[in-house]
Every structure is written in structure tokens, then in C-alpha cells.
Amino acid sequence: AAHRPRVLAAAGRLADGWLPILVDPAEYARLLGDLRAASIAAGRPSDAATAGLFAWIVVDEDRDVAEAMLDGLLLRLVALTAPAEEYALAGAEPPIDEGWGLLHYVPTRFTREQALAAAAAVPPALLRRHYMWGTPDDIVERLRPFQQAGMEHVYLANVTALGDPSKAASSGALLTDVLHGLRRLP
């Protein structure tokens, strides 16, 4: 993913692709600039690494239904992997004391009650930032600023069924609509 300066510099020197997660478009543009500068400093072309984005998708034909799915237990548990900075942006403390959940959230170390309490403590604002959610058109519009900032590739991880298992098949079809919408972007 390469978000931190040391790893971003290594990606600029060595990588053929870059796939950040949990960034906003302005941060994405800044980090991509740092990646491009690191590539040049290493004697490589500025575009040596393909600029990608990893996006967790919650999609439905109805925006309100997609938003309501964000409150699902499984999506809340996944959101425990967010770094402390994401919680700060949402005006909250991370429910996992150690800091960045991706590095420290080991589900088997929690009792059922601890995991449920931690999931319940994930603020709604973090959930709305953590996932790309809405209708296919909403998601395309949320991705547009990333494309304008230099994104060349996006990995769409469809996690809709974690919010509502009955939406597994329909969300797959809607993800195709997202892809078609992305192809139409200038």
C-alpha cells in the first residue's frame, strides 16, 4: 500500500504498481507526487509504478440501503483495521488500543464480548469514509477525483454481502455497472 514516507520511497525505487487504501483524493494526489518524485530520484521514469487504488465497495440500487448496510456487524469488524488517523478524522479514539488495527487487530485475541464492543465503537463517520458506498453512479463519482489525481487502476473489493448476505448476487451485477461507469470517465 505504501502510505508512510520510507515505504513510499521504496515503492518509488522498486515497485511497478502502487495500491493505497484509506486515502482521500487530496492525500492520494500528494502521496502519488511523493511516489513519482521517489521514482525520479531513483533514476526511474516518474510513471514507473502504475497508480492504483484499493477500494472496498458497498453497492446497491438504492443509496439509502447501501448506507444502512454500513452499520452491519461484519463491516464494522473489518473497519477495526483502520489506522488511528482515520478514527481521529471521525472524531473518535480507536477501539483497539495498540493503534493501527491492520497491524494489531487479531480477532482470536478478543473474546466475543470484546469484539462486539469494539465493533459497536466504530463511529459512523469512519464507516462512511472507510467504504466506497452507494449506487453504481455514486461510486463512480466518488472515484472520479482519484482518477483526476492520477489513478490509473482501481481494485474494487465488493464487500456488500458483509453488510447483507442477500445482496451478494445483485451487488456483483451492480459492480459491473460501476466498471462501465469508470470506463466512461474522461
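One is the number of the first residue; the rest follow in order along the sequence.
Between I21 and W56, the closest side-chain pair of non-hydrogen atoms falls below 4.5 Å. Contact annotation: the side chain of L70 never approaches that of P124 to less than 4.5 Å [non-hydrogen atoms, C-beta and beyond]. Looking only at side-chain heavy atoms (C-beta outward), Q147 and L182 stay at 4.5 Å or farther from each other. Contact of the R144 side chain with the P186 side chain is registered, since non-hydrogen atoms from C-beta on lie closer than 4.5 Å. Taking the side chain as every heavy atom from C-beta outward, L116 and F110 never approach each other to under 4.5 Å. Within the 4.5 Å cutoff, side-chain heavy atoms of L143 are placed close to those of L156.
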Step by step, work out the side chain to side chain contact (heavy atoms under 4.5 Å, CB included) result for L53 and V23. CA-CA 9 Å; L53 179 71; V23 294; 4.1 Å; yes
Take T160 and D60 through the test side chain to side chain contact (heavy atoms under 4.5 Å, CB included) and record every step on the way to the result. CA-CA 8 Å; T160 305; D60 193 81; 5.8 Å; no
Between V65 and D164, is the side chain to side chain contact (heavy atoms under 4.5 Å, CB included) condition met? List the steps. CA-CA 10 Å; V65 171; D164 182 348; 5.8 Å; no
Carefully, step by step, assess R129 and E86 under the rule side chain to side chain contact (heavy atoms under 4.5 Å, CB included). CA-CA 8 Å; R129 181 174 155 83; E86 290 296 314; 2.5 Å; yes
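Side chain of R63 to backbone of W133: no donor-acceptor contact under 3.5 angstrom is found. Remark: side-chain polar atoms of Y131 are not paired, donor with acceptor, to backbone N or O of V159 under 3.5 angstrom. When atom types are taken as modelled, the side chain of R44 and the backbone of A15 share a donor-acceptor pair closer than 3.5 angstrom.
Other residues, nucleotides and ligands contribute over 12 non-hydrogen atoms within 6.0 Å of the CD atom of Q114. Around the CZ atom of R128, the shell of radius 6.0 Å holds more than 12 heavy atoms that belong to other residues, nucleotides or ligands.
Here I139 contributes atom CD1 and L175 contributes atom CG; the two are 7.5 Å apart, rounded to the nearest 0.5 Å. One finds the CD atom of E61 at 6.5 Å from the NZ atom of K167 (value rounded to the nearest 0.5 Å). To the nearest 0.5 Å, atoms CG (L80) and CD1 (I96) are separated by 4.5 Å. Put simply, CE on M151 and CG on L185 are 7.5 Å apart, with the number rounded to the nearest 0.5 Å. The structure places CG of L162 at 10.5 Å from CE of M69, a figure rounded to the nearest 0.5 Å. The distance from atom OG1 of T81 to atom NE2 of H130, rounded to the nearest 0.5 Å, is 4.0 Å.
Among all heavy-atom pairs drawn from A149 and L32, the shortest one is O-CD2, 3.4 Å. Nearest heavy-atom pair, A90 versus P123, reported as atom, atom and distance to 0.1 Å: CB-CG, 3.8 Å. For the residue pair P136 and V178, the shortest heavy atom distance occurs at CA-CG2, 3.6 Å. Contact detail for S171 and N158: the closest heavy-atom pair is OG-ND2, 2.9 Å. Between L35 and G12 the shortest heavy-atom distance is CD1-N, 3.4 Å. Across every non-hydrogen atom of A82 and Y87, the tightest pair is O-CE1, 3.7 Å.
A continuous path of Ile, Leu, Val, Met, Phe, Trp and Tyr side chains, each step under 4.5 Å between heavy atoms, connects F54 with L127, placing both in one hydrophobic cluster.
Between the side chains of T135 and D137, no donor-acceptor pair is found at a separation under 3.5 Å.
Note: Y28 and F146 have perpendicular aromatic rings, judged against thresholds of 30 and 60 degrees for the angle between ring planes.
Using a cut-off of 4.0 Å between Lys/Arg side-chain N and Asp/Glu carboxylate O, R36 and D47 are scored as not salt-bridged. Under a 4.0 Å N-O distance rule, the pair D34/R30 qualifies as a salt bridge.
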